[in-house]
Amino acid sequence: MSIQTATRRRASPNSVDRARRTRTRRRLRRADLLVVLCWSSVAVAVSLYLAYGGLSEVRDVASALTALGIVTGLVGTDLILVMLVLAARIPLIDRAVGQDRAIAVHRSLGKPALYLILAHGVLLTIGYAMSDGSSVVAETIAFLQGSDLVLGYAGLGLLVLVVVTSVVAVRRRFSYEAWHLIHLLSYVAVLIALPHQLSSGAVLADGTLQRVYWIALYVLAFGSIGVFRFAVPLIRSARHDISVAAVEAIAPGVVSIHLRGRDLGRLQTAGGQYAIWRFWSAKTWWHAHPISFSAVPTATGARITVRDLGRGSSAISRVRPGTRVSIEGPYGIFTDEVRAAPRMAVVAAGIGITPVRSLLEGSVLLPGEATVLLRATDASQQYLWQEVSALPSLTGSAVYSMVGPRPPGLATWMSAEALARGVTLTSAFPDLLVSDLYVCGPQSWTELVIRDARAAGLPEKQLHVERFDW
C-alpha cells in the first residue's frame, strides 16, 4: 500500500468528504473558465474588428452585407479553431471536463461553425456584387480568379464534407476508420483557408492587433495538436517501450491483452481511465483504438480487455506476443478523483466492466462505502465479475448481479425478472442521492440508467459516465 493510500484510509470520513467537495468545486470552476474562454475568444474577434473601424465602412445595404459577411467569417473561423483545441487532447481540458465531454462540445459546434462560414461566403458575394453592380454569378467567377480565394472555397468544400459525414445518420454508414480519415480533412480545410484571411482585404492587415490575434489562435490550435496528438505520444511510447506480453481469452469474443513496458508508473494512470492504443502489426498498424485499462498498471505491466465488436477490435484480439504498441494517454475522468459524495454507486454492463474494474481497484473506499451492480443478458457476458468481487478495495461493500434479458417493448435497463419484482434504481441503491453514480455499458442501455438517475434527483456533478460510442 502506498503512503498516500494509507494516509487517506486513516483520514476521517468528514475530512475526506471536505476534500472531495473542494476538489469538485475546483474542477467545476476550471470547466466554467474553459467555457468563458471559448466564448471570450469569439467576443474578442468581433471586438477587434469593430475597434479597427469595421462599422465605419457601413454606408449602404451592400456595405452592411459585406460587414456582416466579415463578422460571420470571423466568428465561424474562431469556433472552428476552438473545435480543434477541444480535440487536441490537452491534459488541462481532460482533467477539467474529460475527453468525452470535450468531444461532445466539439461536435455541437460543427454545424453552427459551418453555417457561419457558408453565410460568410454568401453575404460577401452578394455584398460585393451589389457594390460592383454585377451579378452574384459574375462576382463568384471573379473570386475564383484569385488563388487565395480558390483555397478558401476548397476549404469550405472540405468543411461541408466533414460536417455532413459527422451527422449521426450518415456516420453510421461508415466504418470508424473511414470516418476518422475523412474527419482529418478538417485540419487541411482550416489551413488552406488561412491565406485568403491574411491576403484578402484589409481586415487582417499587417501591423494590426487583429492579425496578431488570429495568428496566435492558429498557433494555439495547431500547436496543441502537434504537441499533444503527435509529439507527446511519440515520446511517451518510446520512453515506455510497450509490447504485447500475452493474449488471454476470457470469454467467447473477449480477450485480455497483457502488456509489458518500462517504468509504466510514470504514466500516472488512475483507475477507470483509458488510452488510445496502436498495435504495430500488419493488420492493425493503421488504426488507433481507445480502450480502457481493465487493471491499474504496475511499474512493468498493464492490461486491457477487448470485445470483438467489429473488424478493428477483432484484429487486435489476434495480435501476437511481442507486437510493439504505441500509447496516447491516459485520458478520462471516470475516476475516484472526481467524487463529490460520501458514497459510491456503480452500474456496469457487458464490456463496460473494464473501466469499472480498474476504477474500483484504484479507489480508496471505507468498508461498506460502495454498492456495485453488475448487469448481463446471460452468463456469457459476466466478464471479470469474479475479479471485481475479489478486489480488496471492496471489503465490506455490496456487489450485486442482475442477469437476464430486458422485457420486449419497454425502455428499461433492468432485466424482465428484476422489473417484475419491482426493482428500481433507488431500491438497488438506497443511498443514491448521497452517492457518486458511475455508469458504463452499451450506449442505449447507459442512457436509460442516466434517465432514471436524473428522474430520481441525482445532481449532475455526482453522475459519471464512460461512453464507448464515437
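Note that the numbering runs from 1 along the sequence shown for the chain. We use all heavy atoms of the structure for the numbers below, so side chains are in, but hydrogens, waters and symmetry mates are not.
- Exactly one of Val85, Leu84, Leu217 qualifies for a side chain to side chain contact (heavy atoms under 4.5 Å, CB included) with Phe222. That residue is Leu84.
- Residues that satisfy the salt bridge (Lys or Arg N to Asp or Glu O under 4.0 Å) test with Arg27, not counting sequence neighbours, are absent from this structure.
- In terms of the salt bridge (Lys or Arg N to Asp or Glu O under 4.0 Å) criterion, residue partners of Asp431 (sequence neighbours excluded) are, by chain and number, Arg343.
- Neither side chain, Asp263 nor His240, offers a donor N or O lying under 3.5 Å from an acceptor on the other.
- Listed by first and then second residue, the salt bridge (charged side-chain N to carboxylate O under 4.0 Å, His left out) pairs that reach into residues 286-298 come to none, sequence neighbours excluded.
- Once rounded to the nearest 0.5 Å, the distance linking CD1 of Ile242 with CZ of Arg236 reads 9.5 Å.
- Taking the side chain to side chain donor-acceptor pair (under 3.5 Å) definition, one finds that Gln268 meets it with nothing, sequence neighbours left out.
- Atom CD1 of residue Ile351 and atom CG of residue Leu384 lie 7.0 Å apart, to the nearest 0.5 angstrom.
- For Leu37, the side-chain contact (heavy atoms from CB on, under 4.5 Å) criterion is met by Leu33, not counting sequence neighbours.
- Rounding to the nearest 0.5 Å gives a distance of 11.5 Å between CG of Leu366 and OG1 of Thr395.
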Donor-acceptor pairs are to be reported for all side-chain atoms of residues 250-258 against protein atoms at under 3.5 Å, with residues two or more places apart or in another chain.
{"residue": "Ser256", "atom": "OG", "partner": "Thr305", "partner atom": "OG1", "Å": "2.8"}
{"residue": "His258", "atom": "NE2", "partner": "Glu248", "partner atom": "OE1", "Å": "2.9"}

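- Distance alone, capped at 3.5 Å, is enough to place a donor-acceptor pair between the Ser41 side chain and the Cys38 backbone.
- Here Ile90 contributes atom CD1 and Ile225 contributes atom CD1; the two are 8.5 Å apart, rounded to the nearest 0.5 Å.
- More than 12 heavy atoms of other shown residues, nucleotides or ligands fall within 6.0 angstrom of atom CZ in Arg262.
- With hydrogens and angles left out, the side-chain atoms of Arg260 and Ser243 include a donor and acceptor closer than 3.5 Å.
- The side-chain contact (heavy atoms from CB on, under 4.5 Å) search around Lys461 returns Thr24, Leu28, Pro459, not counting sequence neighbours.
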Can you give the donor-acceptor pairs under 3.5 Å from side chains of residues 398-406 to other protein atoms, not counting sequence neighbours?
{"residue": "Arg406", "atom": "NH1", "partner": "Thr412", "partner atom": "O", "Å": "3.2"}

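- Taking the six-membered ring where tryptophan is involved, the planes of Trp277 and Phe293 are perpendicular, since the angle between them exceeds 60° and thus also 30°.
- Note that CG of Leu114 and NE2 of His120 are 12.5 Å apart. Values are rounded to the nearest 0.5 Å.
- Asp32 and Arg29 are not joined by a salt bridge, as no carboxylate oxygen comes within less than 4.0 angstrom of a charged side-chain nitrogen.
- To the nearest 0.5 Å, atom CZ of residue Phe279 and atom CH2 of residue Trp285 are 16.0 Å apart.
- By the side chain to side chain donor-acceptor pair (under 3.5 Å) test, Glu328 is found to be paired with Arg89, residues two or more places apart in sequence or in another chain being considered.
- For the salt bridge (Lys or Arg N to Asp or Glu O under 4.0 Å) test, residues two or more places apart in sequence or in another chain that qualify with Arg357 are Glu361, Glu387.
- For residues 91-102, no residue pair satisfies the side chain to side chain donor-acceptor pair (under 3.5 Å) rule, not counting sequence neighbours.
- Partners of Arg451 by salt bridge (Lys or Arg N to Asp or Glu O under 4.0 Å), not counting sequence neighbours: none found.
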